[in-house]
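Worksheet: the structure to be examined is printed underneath.
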Amino acid sequence: MLRLASIVLAVVFLVLPAASPSAAAALDVTATVPFQKVYTPLFGFDNILRSADDRTVSLLLDRSTGSGFISSSMYHHGFFSASIKLPSDYTAGVVVAFYTSNGDVFEKTRDELDFEFLGNIRGKPWRIQTNVYGNGSVSRGREERYVLPFDPTTEFHRYSILWTRDAVAFYVDEVPIRHVSRSRAGGDFPSKPMSLYGTVWDGSNWATSGGRYRVNYQHGPFVASFTDLALAGCPVDQMLPAQGCAEAVAASDPAVMTLAKLQAMRRFRERNMVYSYCYDKRRYPVPFAECDIVESESKRFKDSGHLRLALRRRRTGRRPGRAGGAKADM
């Protein structure tokens, strides 16, 4: 029997109060509240395990169903973060997702910011995929895919999404791995309130080698464990001064892109990125406006946007280990 102690998801949140200029400079993204106060189960209710103090939750995928939760409120900008420990062993076809979306409200013009964790066969590393959709731009997927410089199944690592009026940033631990500015993304930049989700589900038809390897439930149940989940945002269902709240998010530490952060982001991308839509000439012969095409970097990628095989083997050999238009390589 699966024991709760081995599959803990500890949840922490912050609902941002009315912000003054001084409060904006001191935004705390780590304060905690019980799960039930700001989240609600979404699906797979029997596969969601909660601790007695309501501060730990585990999401399971088995033969019957996956599972997931959704925030009780929608947010217009914020910082959303979770330390996640992924299932180990054979995980092909398994998808763990941590993301914001409003697709249930704005079906044709949805916004979405994704962390998707794509499982793999034994001996091959998990990959993480980020994506940015704005105002229904689902036909213009902006996927990027990475391997990690650590084994995400042995301990917790922090994954964060920052969304301000002017930019989106994705973090792994304290390192930014991707930054998209509103001024360059134009009308494809997310603009409407979104909910926050955590899910685990069966993505057999695309997640591992384009569907070649499917979920094998003999290795299940598959458990995604999270800790230090932070929700610091501007809820649209409370009487808060939206302008002050947005300013507080924009002034928070994760939103300040220092030179050191930019250098760390470049190093991460050089060492760990294995697919980029910016280099996918087959899908997009003309790169998007936000793409900075670096000649030395472009030589490392094929016209499909995937890292050249020799380099991929060299990199993944040193490290453990959505169906957008980009096929998910092994």
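Arg178 contributes no side-chain N or O that, together with a main-chain N or O of Phe170, makes up a donor-acceptor pair within less than 3.5 Å. Put simply, the side chain of Trp126 gets close to the backbone of Pro87: a donor and an acceptor are under 3.5 Å apart. Between the side chain of Asp114 and the backbone N or O of Glu116, no donor-acceptor pair lies under 3.5 Å. Although no hydrogens or angles enter the test, the distance criterion places a donor-acceptor pair under 3.5 Å between the side chain of Thr164 and the main chain of Asp166. In this structure, the side chain of Ser160 does not engage the main chain of Ser81 through any donor-acceptor pair within 3.5 Å. Within the 3.5 Å criterion, the main-chain N or O of Leu59 finds no donor-acceptor partner in the side chain of Asn47. Ser252 contributes a side-chain N or O that, together with a main-chain N or O of Val249, makes up a donor-acceptor pair within less than 3.5 Å. Panel note: side chain His76, backbone Ser191; a donor-acceptor pair is recorded below 3.5 Å. In this structure a side-chain-to-backbone donor-acceptor pair under 3.5 Å is missing from Arg110 to Asn135. Counting only distance, with no hydrogens or angles, the side chain of Ser71 and the backbone of Leu196 share a donor-acceptor pair below 3.5 Å.
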**Message:** As a quick check of understanding, evaluate side-chain hydrogen bond (donor to acceptor under 3.5 Å, both in side chains) for Tyr275 and Asp280, giving each step before the final call.
**Reply:** CA-CA 8 Å; Tyr275 172 82; Asp280 193 339; 2.6 Å; yes

**Item:** Residues Val168, Leu113; criterion side-chain contact (heavy atoms from CB on, under 4.5 Å); working and verdict
**Value:** CA-CA 8 Å; Val168 166; Leu113 301 170; 3.8 Å; yes

**Item:** Test log, rule side-chain hydrogen bond (donor to acceptor under 3.5 Å, both in side chains), inputs Thr130 and Tyr146
**Value:** CA-CA 9 Å; Thr130 62; Tyr146 327 85; 3.0 Å; yes

**Message:** What verdict does the side-chain contact (heavy atoms from CB on, under 4.5 Å) test give for Leu118 and Gln129, after you've listed the backbone C-alpha separation in whole Å, the side-chain angles of each residue and the deciding distance to 0.1 Å?
**Reply:** CA-CA 7 Å; Leu118 311 179; Gln129 177 169 286; 4.2 Å; yes

**Request:** Could you please spell out the steps behind the salt bridge (Lys or Arg N to Asp or Glu O under 4.0 Å) verdict for Arg283 and Glu143?
**Result:** CA-CA 12 Å; Arg283 292 174 68 197; Glu143 301 95 343; 2.8 Å; yes

**Asked** Asn102 and Tyr75: side-chain hydrogen bond (donor to acceptor under 3.5 Å, both in side chains), yes or no, with the steps?
**Response** CA-CA 10 Å; Asn102 52 30; Tyr75 293 84; over 6 Å; no

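Screening residues 179-192 for salt bridge (charged side-chain N to carboxylate O under 4.0 Å, His left out) gives Asp111-Lys192, Arg140-Asp188, Arg142-Asp188, Arg184-Asp292 as the qualifying pairs, with residues at least two apart or on separate chains. The disulfide (SG to SG under 2.5 Å) analysis of residues 249-285, with sequence neighbours excluded, yields the pairs Cys278-Cys291. Listed by first and then second residue, the salt bridge (charged side-chain N to carboxylate O under 4.0 Å, His left out) pairs that reach into residues 89-104 are Asp89-Arg122, sequence neighbours excluded.
Proximity of His219 to Phe222: side-chain heavy atoms (C-beta onward) are separated by under 4.5 Å at one or more points. Under the 4.5 Å side-chain criterion, counting only non-hydrogen atoms from C-beta, Trp206 is in contact with Val95. Lys302 has its side chain out of reach of Lys281: every pair of non-hydrogen atoms, C-beta onward, lies at least 4.5 Å apart. Within the 4.5 Å cutoff, the side chain of Arg127 has heavy atoms near those of the Asn120 side chain. Met194 has its side chain within reach of Trp163: a pair of non-hydrogen atoms, C-beta onward, lies under 4.5 Å apart. You'll find the side chain of Phe189 stays beyond 4.5 Å of the side chain of Ser181, heavy atoms only. At a threshold of 4.5 Å between non-hydrogen side-chain atoms, the residues Val172 and Ile128 count as touching. For the pair Tyr90/Ile121, a side-chain contact is recorded, criterion being any heavy-atom separation below 4.5 Å from C-beta on.
Applying the under-4.5 Å side-chain rule to Ile, Leu, Val, Met, Phe, Trp and Tyr, the cluster around Leu262 extends to Tyr171, Met257, Met265.
Arg266 pairs by the salt bridge (Lys or Arg N to Asp or Glu O under 4.0 Å) definition with Glu270, not counting sequence neighbours. With sequence neighbours excluded, no residue forms a side-chain hydrogen bond (donor to acceptor under 3.5 Å, both in side chains) with Ser298. In this view, Ser67 satisfies the side-chain hydrogen bond (donor to acceptor under 3.5 Å, both in side chains) rule with no residue, not counting sequence neighbours. Scored by the side chain to side chain contact (heavy atoms under 4.5 Å, CB included) test, His157 finds Phe150, Glu155, Tyr159, Asp173 as partners (sequence neighbours excluded). Residues passing the side chain to side chain contact (heavy atoms under 4.5 Å, CB included) test with Val105 are Met74, sequence neighbours excluded. Every residue two or more places apart in sequence or in another chain that forms a side chain to side chain contact (heavy atoms under 4.5 Å, CB included) with Thr258 is listed here: Val256, Ala260, Lys261. In this structure Gln218 satisfies the side chain to side chain contact (heavy atoms under 4.5 Å, CB included) test together with Arg63, Asn216, sequence neighbours excluded. With sequence neighbours excluded, the residues that form a side-chain hydrogen bond (donor to acceptor under 3.5 Å, both in side chains) with Ser101 are Glu112.
Separating the CD1 atom in Ile84 from the CZ atom in Phe98 is a distance of 6.0 Å, to the nearest 0.5 Å.
Between Tyr279 and Phe301, the angle of the ring planes stays under 30°, which puts this pair in the parallel group of the 30/60° scheme. Using cut-offs of 30° and 60° on the angle between ring planes, the pair Phe35 and Tyr39 is parallel. Taking the six-membered ring where the residue is Trp, Tyr197 and Tyr99 present parallel rings, their angle staying beneath 30° rather than reaching 60°.
A continuous path of Ile, Leu, Val, Met, Phe, Trp and Tyr side chains, each step under 4.5 Å between heavy atoms, connects Val132 with Ile293, placing both in one hydrophobic cluster.
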